[in-house]
Amino acid sequence: MIQLVLPDGNKKEFKAGVSLYEVAQAIGPGLAKAAVGALVDGELHDLRERVYKNCAINIITTSSPQGREILCHTTAHIMAQAVKNLFHAVKLGIGPAITDGFYYDFDLPRRLSSSDLEKISEEMRRIIADDLSIERWEKSREEAKEIMQERGEELKLELIDELDTETVTFYQQGDFIDLCRGPHLPSTSYVNPNAFKLISVAGAYWKGDESRPMLQRIYGTVWNKKTELDTHLERLAEIERRDHRKLIKELDLVSFNDEGGAGLAYWHPKGGRMRVLIEDYWRKLHYEGGYEIIFTPHIGRAQLWETSGHLDFYRDGMYSPMEIEGQDYYIKPMNCPFHVMIYNSRTRSYRELPLRWAELGTVYRYERSGTLHGMLRVRGFTQDDAHIICTPEQIDEEILRVLEFSLNLLRGFGFTKFKIELSVRNPKTPEKYAGEDLMWEEAEASLVKALEAKNFSYHRMEGEAVFYGPKIDIKIEDALGRTWQCTTIQFDFNIPGRFDMMYIGEDGKEHRPYMVHRALLGSIERFYALLVEHYNGAFPVWLSPLQVVVLPVSQDNSGYAQSIAQQLRAVGIRVEARTERGRTINYLIRQAQLEKIPYMLVVGKREEEQGTVAVRLRTEEDLGPCRLDQFIELITEKITRKELI
RNA sequence: GCCGGCGUAGCUCAAUGGUAGAGCAACGGUUUCGUAAACCGUAGGUCGGAGGUUCAACUCCUCUCGCCGGCUCCA
């Protein structure tokens, strides 16, 4: 007999060699029915596997992340089987589970189109209906290679060669065999034929390597129940509806055009108004937070970029130089070297440190055409950049300061959920990084100290540091639960040495300062896109390009509407009176709704007689009649508190 | 950049080798209206651009620009 420990701490006795499925049954028939795998001492296994010794057992259902992974992975196999059944000369690539679904890469001479997806789905439903048992078996590497050779699965052969295990595991369902670590569902019928959907076909390089052939990848999603699938598809539809590329056009905020070139944003008056509001708020906070604001050029001589190392390490991201009087000048992809020029413009004393220099610096980077994506990925953008130059003794406090400063800034825009990542160097390859070991250790220590001083929970990302220093990244979570990296706070052990930055210390000697590079919103363009999607274009009052519209019920009330607008404008409210002739009040309200204007003031005969305004919100809430001074008080309060509406 | 898809009026979309069309927006007129679209009319297009095939090209071919979904990279 063996003893198994259940997650609740209870122990149960079984005969040695009991299958995990039997264990699930013994715990409860309901669990057995929902079970798709099991954790044995924390390791994920198939339900069919047997246990022979004492261990901790945790039966997994598809409601857990591991269970979902099994479901997704098996569905990927079913899809691969369907593709092999339908098309000749298919070679299998890889087919893993991913967030919310799966994909499988195929080498297939025929081009897949989205209309093929329906055919493949039908074949998948047939495979599911066949209730094929999914078997796991192991082979030696040689046998494994023979099997795959025989089946012409050249890509799989390559994968076997890369494995460092003695034996190779396979999964088989019907005549479909795949090289796979598993685990998998016990049978194809475990997949609900109504709860999966193939989403799209796309090209993907074999192993993500551009020099390798391009395969065809099919993405799909799978859930337990149709209702869950529907919820997921609805979420995708919501993401599409909120797409900033659509909203910036509809709301007349920002545009792109072919004539001007790809990846270059044009800010229209309304978008421009918002950008000014964002930047003004940013400047105010920076001055309050002890920063100075600087301005630097857009181009600089080649020598500058040689010294900084950009021409060695970042050339691919830079545009070709322009020649001016025999000298090469490059348009800047980053602001750092220019900030250093200001620092090096004279001798610096320890007394003036720390220096916190911020710039809304517009940079241009070459991005390959296929990577451009609305305002999220462009070729010209403005970074909310700053460099903190300080003594080693000051670094702990500076890091703490900038962390809090960033979170405060982001909260001002209505973001409340954050994820923090600490990226440190890969200890196995210290030679790949600039700067001395001691500096790396100190820097990492001060980053950790800052995070722990404030009890911030964070993920430690080993080997994710950039070559010139460790960093902290802050990701914000938006209204749809997606996360976006905005803030990055990076040590730079490279630049100070390259530019020979110095300060005179208390001891009268020269010392090298520490430099921290930070961008909080990241890029204004990108951050703006996030705002648009986060708020679905219905911005908080303080950010709305137009805060109030005054809507006359009839032409007779135009004059009154104008005077209301005039009074609001006088106290700094962004307002428009819509007195255009021939428009019904219903039309005006509908237009204002579509424009997502926070406040609509309806003025008709009643309001004009009583000297009031009827307040309607874009949420469709009707606040009823209100004196203008009361309304001004209300909206001013909302603006100051940065409330939504 | 690469693979696949797409590009028709300001916007959303029709028209499968034979005279380019609708709704909304714009403009003109009528209507003066109470919380999401009043009514009538007018105008608007070298069908992304260039070249080619054809008696004839929005439609087929080549190149090019841009957009979309991915690969890769990242703000």
Side-chain angles (χ1 to χ4, degrees), chain A residues 93 103 105 108 111-116 199-219 240 243 245-246 249-250 252 255-264 314 316-317 333-335 361 363 365-385 466 473 484-488 490 518-530 551-558 581-595 600-607 614-618 620-625:
Chain A
Y103 67 79
D105 287 345
L108 179 62
R111 279 176 194 163
L112 289 173
S113 71
S114 42
S115 59
D116 291 319
I199 306 276
S200 61
V201 190
Y205 296 107
W206 171 232
K207 290 184 185 164
D209 183 343
E210 293 179 33
S211 64
R212 310 299 302 271
M214 176 135 334
L215 308 180
Q216 300 190 68
R217 173 174 297 181
I218 302 178
Y219 283 93
E240 202 177 321
D243 193 318
R245 292 168 299 184
K246 192 166 79 84
K249 190 191 272 185
E250 280 173 10
D252 196 17
S255 67
F256 294 86
N257 65 80
D258 336 356
E259 212 175 335
L264 302 166
Y314 200 74
D316 290 348
M334 293 186 196
N335 302 300
V363 296
R365 298 182 185 174
Y366 169 68
E367 298 287 352
R368 300 196 292 177
S369 56
T371 67
L372 299 174
H373 184 96
M375 301 182 82
L376 289 174
R377 192 138 192 93
V378 290
R379 285 180 173 158
F381 60 98
T382 301
Q383 284 186 308
D384 69 317
D385 210 352
V466 275
D473 292 330
W484 306 86
Q485 193 204 305
C486 294
T487 298
T488 182
Q490 311 182 338
R518 48 115 279 199
L520 306 185
L521 307 179
S523 111
I524 301 290
E525 283 75 3
R526 186 180 133 95
F527 187 74
Y528 185 73
L530 301 194
L551 312 176
V553 172
S554 94
Q555 197 68 29
D556 297 340
N557 313 114
S558 281
R581 151 188 104 70
R583 294 302 188 190
T584 63
I585 186 64
N586 282 329
Y587 177 90
L588 294 173
I589 287 171
R590 179 179 147 83
Q591 284 310 310
Q593 283 293 150
L594 293 176
E595 290 172 52
M600 288 160 239
L601 303 183
V602 176
V603 293
K605 200 172 162 205
R606 285 200 298 274
E607 288 72 21
V615 183
R616 179 194 160 108
L617 308 184
R618 70 176 162 215
E620 297 186 43
E621 196 183 341
D622 188 354
L623 299 187

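Here is how names work: the chains are called A, B, and so on, in the same order as the sequence lines, proteins then strands, and each is numbered from 1.
In this model, the phosphate group of B:rG69 is approached by a side-chain N or O of A:H373 to a distance below 4.0 Å at OP1 or OP2. Side-chain nitrogen and oxygen atoms of A:K249 include at least one within less than 4.0 Å of the OP1 or OP2 phosphate oxygen of B:rU12. When the side-chain nitrogen and oxygen atoms of A:S369 are compared with OP1 and OP2 of B:rG1, one or more of them lie within a distance under 4.0 Å. Put simply, A:Y587 has no side-chain N or O that comes within less than 4.0 Å of OP1 or OP2 on B:rU31. Listed pair A:S200 / B:rG70 fails the phosphate criterion, with no side-chain N or O lying under 4.0 Å from OP1 or OP2. Using a 4.0 Å cut-off, no side-chain N or O of A:R606 falls inside it from OP1 or OP2 of B:rG34. Proximity of A:R212 to the phosphate of B:rC2: no side-chain N or O atom is located under 4.0 Å from OP1 or OP2.
The base of B:rA75 lies close enough to the side chain of A:E367 for a donor and an acceptor atom to sit less than 3.5 Å apart. Taking only distance into account, the side chain of A:R526 never meets the base of B:rA75 through a donor-acceptor pair shorter than 3.5 Å.
Rounded to an integer number of Å, the gap from OH of A:Y219 to P of B:rG4 is 16 Å. The distance between atom CG of A:L372 and atom P of B:rG69, rounded to the nearest whole Å, is 12 Å. Rounded to whole Å, the distance from CZ on A:F381 to C1' on B:rA75 is 5 Å. If you measure from atom CZ of A:R377 to atom C1' of B:rU72, you get 10 Å, rounded to the nearest angstrom. Rounded to whole angstrom, the span from the CD atom of A:Q485 across to the C1' atom of B:rA75 amounts to 8 Å. If you take CZ of A:R581 and P of B:rU32, they are 12 Å apart, rounded to a whole angstrom. One atom, CD1 of A:I199, and another, C1' of B:rG69, lie 12 Å apart when rounded to the nearest Å. The nearest whole Å value for the distance from the CZ atom in A:R245 to the P atom in B:rG66 is 16 Å.
A donor-acceptor contact shorter than 3.5 Å links the side chain of A:E525 to the backbone of A:T382. Side chain of A:D384 to backbone of A:G522: a donor-acceptor contact under 3.5 angstrom is found. A donor-acceptor pair under 3.5 Å is formed between the side chain of A:E607 and the backbone N or O of A:G604. A donor-acceptor pair under 3.5 Å links the side-chain atoms of A:Q216 to the main chain of A:L112, judged by distance alone. Of the possible donor and acceptor atoms, one in the side chain of A:Q593 sits under 3.5 Å from a partner among the backbone N and O of A:R618. Using a distance-only test at 3.5 Å, with no hydrogens or angles considered, a donor-acceptor pair links the side chain of A:R365 to the main chain of A:P333. Formation of a donor-acceptor pair under 3.5 Å by the A:R217 side chain with backbone atoms of A:A202 is not found in this model.
When Watson-Crick and G-U wobble pairs are counted only if both distances are under 3.5 Å, B:rG44 pairs with no nucleotide at all. In a base pair of the Watson-Crick type (N1 to N3 plus N6-O4 or O6-N4) or a G-U wobble (N1-O2 and O6-N3), with each distance short of 3.5 Å, B:rG66 is matched with B:rC6. Across all strands shown, B:rU59 has no partner, as no Watson-Crick or G-U wobble contact with both distances under 3.5 Å is found. For B:rG23, the paired nucleotide is B:rC11, the pair qualifying as Watson-Crick or G-U wobble because both relevant distances are below 3.5 Å. Nucleotide B:rA36 forms a pair with no other nucleotide shown, judged by Watson-Crick or G-U wobble geometry with both contacts under 3.5 Å. Remark: B:rU72 base-pairs with no nucleotide in the shown strands. Criterion, Watson-Crick or G-U wobble with two distances under 3.5 Å.
The side chain of A:R583 has B:rA26 as its nearest neighbour among B:rG1, B:rA36, B:rA26. Comparing B:rG66, B:rA75, B:rA38 by their nearest atom to the side chain of A:N586 picks out B:rA38. Ranking B:rC2, B:rU35, B:rG34 by closeness to the A:Y205 side chain, first place goes to B:rC2.
Within 4.0 Å (heavy atoms only), A:R616 reaches at least one base atom of the nucleic acid. Backbone-only contact: A:A262 has heavy atoms under 4.0 Å from sugar-phosphate atoms and none from a base. Within the 4.0 angstrom heavy-atom criterion, base atoms lie near A:G582. Using a 4.0 Å heavy-atom criterion, one finds that A:E259 contacts no nucleic acid atom at all. Using a 4.0 Å heavy-atom criterion, one finds that A:R111 contacts the sugar-phosphate atoms exclusively. When heavy atoms are screened at a 4.0 angstrom cut-off, A:E607 is found touching base atoms of the nucleic acid. No contact: A:F256 has no heavy atom under 4.0 Å from any strand. A:L594 comes within contact range of at least one nucleobase, with a heavy-atom separation under 4.0 Å. Among the protein residues, A:A592 comes within range of no part of the nucleic acid, since none of its heavy atoms lies under 4.0 Å from any strand. Counting non-hydrogen atoms under 4.0 angstrom, A:I585 reaches the backbone sugars and phosphates but no base. Note on A:G604: a base of the nucleic acid sits closer than 4.0 angstrom, heavy atoms only. Contacts of A:V363 with the nucleic acid, taken as non-hydrogen atoms under 4.0 Å apart, are absent.
Taking atom C1' in both B:rA14 and B:rC24, one finds a spacing of 15 Å when rounded to whole Å. Distance check on atom C1': B:rG66 versus B:rG49 gives 10 Å, rounded to whole Å. Between the P atoms of B:rU30 and B:rU35, the separation comes to 26 Å (whole Å). Comparing B:rU42 with B:rU32, their P atoms are spaced 24 Å from each other, to the whole Å. Comparing the same atom, C1', in B:rC33 and in B:rA15 gives a spacing of 39 Å after rounding to whole Å. Using P as the reference atom, B:rA20 and B:rG48 are 15 Å apart when rounded to the nearest Å. B:rG69 and B:rC60 have their C1' atoms separated by 26 Å, with the value rounded to a whole Å. Rounded to whole Å, the separation between the P atoms of B:rC47 and B:rG7 comes to 14 Å.
The side-chain ring of A:F527 is not stacked on the base of B:rA75, judged by centre separation under 5.5 angstrom and plane angle under 30 degrees.
A:F256 is not listed as a side-chain neighbour of A:R245, based on a closest heavy-atom distance of 4.5 Å or more.
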